[in-house]
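Beneath this line is the structure, given in C-alpha cells, with notes to follow.
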2 protein chains.
Amino acid sequence: MEASTPTLCSGMAPEIVAPLEACSIRKTYKKGESLYLMGDEPAGIYCLEKGLVGLVTVSTSGRERLVRLFKAGQYFGHRSLFAGESYHANAVALDPVECRVFPKKDVMELCRKFPEFAVGIAQKLARELGRAEHWLGFMTDRQVSERVADGLLYLKAAHPEHNWTRREIADFCGTTTESVIRTLAAFEAEGLIRQKGRHIDILQREALLECASPQ
Amino acid sequence: MEASTPTLCSGMAPEIVAPLEACSIRKTYKKGESLYLMGDEPAGIYCLEKGLVGLVTVSTSGRERLVRLFKAGQYFGHRSLFAGESYHANAVALDPVECRVFPKKDVMELCRKFPEFAVGIAQKLARELGRAEHWLGFMTDRQVSERVADGLLYLKAAHPEHNWTRREIADFCGTTTESVIRTLAAFEAEGLIRQKGRHIDILQREALLECASPQ
DNA sequence: CGAATACTTGATCCGCATCAAGTGCCGTGG
DNA sequence: CCACGGCACTTGATGCGGATCAAGTATTCG
C-alpha cells in the first residue's frame with residue numbers, strides 16, 4: 001500500500017551526493033532522547049541511518065500524540081524547513097538512533113540545482129498530508145477499537161522490527177493505554193492476535209481489517 | 001498568523017505565466033457541486049478565481065469531514081498530483097465557484113524549468129501538513145466546546161465572507177450539528193458571540209481563545 | 001409557493017476517559 | 001548479586017461528555 005520511501009539523495013548522481021555527504025553531521029541518540037523540540041528553529045534535514053524516530057505533539061493538557069514515524073532510510077525535519085516555520089512537534093528516539101544532519105543551506109542549494117529533488121520532497125509531503133487528513137476523519141468517526149485495529153496493522157506493517165508499547169499504540173491511535181489494553185485483550189479473546197508481554201502477533205489480518213472498518 | 005498564500009504563478013515572470021494561462025481551462029460550479037471526487041485521477045491544479053471550495057472526506061459510516069479550505073487566489077488539487085495518488089477527498093463548492101485548471105503536464109514542466117515553483121508547492125504542502133497534524137492531536141484531546149471555539153475563530157478569520165452553517169462548522173470540528181448548536185448557544189449566553197440566523201459575530205475574541213485552550 | 005434543507009430543543013444511553021490500586025518487569029547502583 | 005525505583009502493564013469501579021434519536025420550527029432556494 002505504502003510506496004517505497006526515498007532517502008534524501010536517492011537517484012542522485014555520486015558527484016552530487018559526495019559533497020553533500022561531506023558537509024553532513026553524524027549524530028547518535030539514546031532511546032527516549034529528543035532530537036529536537038517543538039518551537040526549535042529547523043537546522044536542516046535529518047537522515048536516519050539506524051533506529052526509529054517518532055514525531056510527537058504535546059497538547060496543553062500534557063497528552064502526547066504520535067503523528068508520524070521514521071525508520072532507517074527515511075528523512076525528517078523537512079516539513080518545518082520547507083514551511084519556513086519552527087518545529088511543530090518533538091522528534092523522539094523510540095529506539096537508539098544514528099543519523100546525519102544535512103544543513104539547511106545545502107539542502108536549499110540542492111533544490112535550486114536539481115528541481116527533481118524539490119519535487120521529491122513535495123511528493124513525500126503530499127503523501128504525509130494524505131495520511132494525516134485520512135486520520136483526521138478517522139479520529140472522530142471511529143470507535144477506539146476500530147482505531148486500534150487499524151493503528152496496530154499500520155504500525156506492525158510499517159515498523160515490524162519495533163516492539164510497540166501499549167502507550168505508543170495509544171498515543172498513535174488517540175486514546176489511552178487502558179483502552180488499548182482492553183481492546184487488545186478483546187482481540188486476543190477472539191483469536192485475532194496473540195500477545196505475550198511486549199510481543200504482539202497478528203493471527204488474522206483479514207478479520208482485524210474488518211474490525212478497523214466494519215461496513 | 002497564517003502567512004499570505006501564493007497563487008499558482010505568483011512571482012513568475014509574465015513571459016512564463018502567459019503560455020501557462022493560455023493552456024488553462026476555465027470552469028464554473030454551482031454551490032454544492034463537486035469539482036472532483038475521491039478516487040478520481042488528478043487532472044491538474046485548480047486555481048480558484050472566485051468562491052470557496054472545501055475538501056471533504058467521507059467515512060464508510062457516511063460522516064463527512066471538512067479537512068481543508070480554499071478561497072480566491074489559492075490553488076488546490078496539488079496534493080494528489082505530487083503524491084502520484086488519486087484524490088483522497090471530494091472537492092465541493094461551498095459557494096459558487098470560478099476556477100482555472102492547469103493541466104498536469106504543464107505544471108510538471110514548470111517544476112522542471114523553475115525549481116522555485118516546486119519549492120513553493122512544497123512550502124504550501126508543508127504548512128498544510130503542519131495544520132493537519134496540529135488538528136490530529138486536537139481532535140482527541142479537546143472537548144467539543146474547545147474545538148468549536150477554535151474552529152469558529154479559524155473559519156471566521158480565514159474566510160470571513162462566508163456564512164458558515166452549523167453543519168459545516170460541525171464537519172470542520174469533528175462533531176455533530178446538534179453539539180455545535182448547543183455550544184454556540186452556551187457561548188452566546190456568556191456573551192462571547194452573537195448569532196442571528198446564519199450570521200455569527202465574535203464579540204470577545206480573547207475569551208473565545210481562552211475557551212479553545214484553557215490552561 | 002412548496003420542498004428541501006437548515007436549525008433547534010429535549011430525552012436517552014453508552015463508550016471510554018478517568019481514577020484507583022494493584023502486579024509484573026527491567027536496569028542500575030550499592 | 002540482590003534490592004530498589006521506576007516504568008509498563010493490568011483490572012475494576014465510576015461518571016459524564018456527547019452521539020444518537022425524535023420531533024418540530026424556521027429558512028432558503030428553485
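Chain letters run A, B, ... following the sequence lines, proteins first, then strands; residues in each count from 1.
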- Message: Within the 4.0 Å heavy-atom criterion, would you say B:R63 contacts the bases, only the backbone, or no part of the nucleic acid?
- Response: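 Sugar-phosphate, no base atom in range.
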- Message: Any base atoms under 4.0 Å from A:R198, or only sugar-phosphate, or nothing? Heavy atoms, all strands.
- Response: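 Sugar-phosphate contact only.
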Return the value, rounded to whole Å, for the distance between atom [atom1] of [X] and atom [atom2] of [N].
{"X": "B:E188", "N": "C:dC7", "atom1": "CD", "atom2": "C1'", "value": "13 Å"}
{"X": "B:Q195", "N": "C:dT8", "atom1": "CD", "atom2": "C1'", "value": "10 Å"}
{"X": "B:D171", "N": "C:dC7", "atom1": "CG", "atom2": "P", "value": "11 Å"}
{"X": "B:E146", "N": "D:dG17", "atom1": "CD", "atom2": "P", "value": "12 Å"}
{"X": "A:Q143", "N": "C:dA17", "atom1": "CD", "atom2": "P", "value": "11 Å"}
{"X": "B:K196", "N": "C:dC7", "atom1": "NZ", "atom2": "P", "value": "16 Å"}
{"X": "A:I181", "N": "D:dA8", "atom1": "CD1", "atom2": "C1'", "value": "8 Å"}
{"X": "A:R182", "N": "C:dT18", "atom1": "CZ", "atom2": "P", "value": "12 Å"}

- Query: Using 30° and 60° as the class limits, which term best fits the ring planes of A:H159 and A:Y154: parallel, tilted or perpendicular?
  - Reply: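 Rings of A:H159 and A:Y154: perpendicular, as their planes differ by over 60°.
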- Query: Mind checking whether A:F76 and A:F70 have parallel, tilted or perpendicular rings, split at 30° and 60°?
  - Reply: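 Aromatic pair A:F76/A:F70 classed parallel.
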- Query: Between B:S179 and D:dA19, does any side-chain N or O lie under 4.0 Å from OP1 or OP2?
  - Reply: yes
- Any side-chain N or O of A:T176 less than 4.0 Å from the OP1 or OP2 oxygen of C:dT18? no
- Classify the side chain of A:E178 versus the base of C:dC19 as yes if they form a donor-acceptor pair under 3.5 Å and no if they do not.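 Looking at the base of C:dC19, it does pair with a donor or acceptor on the side chain of A:E178 (distance under 3.5 Å).
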- Item | Residue among B:R68, B:R131, B:R65 satisfying salt bridge (Lys or Arg N to Asp or Glu O under 4.0 Å) with A:E133 |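 When salt bridge (Lys or Arg N to Asp or Glu O under 4.0 Å) is applied between A:E133 and each of B:R68, B:R131, B:R65, only B:R68 qualifies.
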- Closest to the B:K31 side chain, choosing from C:dA17, D:dC9, D:dC29: D:dC29
- Shortest side-chain distance from B:R166, nucleotide among D:dC29, C:dA17, C:dT8: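 Closest nucleotide among those given: C:dT8.
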- Message: So, applying ring pair (Phe, Tyr, Trp, His ring centres under 6.0 Å) with B:F172, which one of B:F138, B:W164, B:W135 is it?
- Response: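 That would be B:W135.
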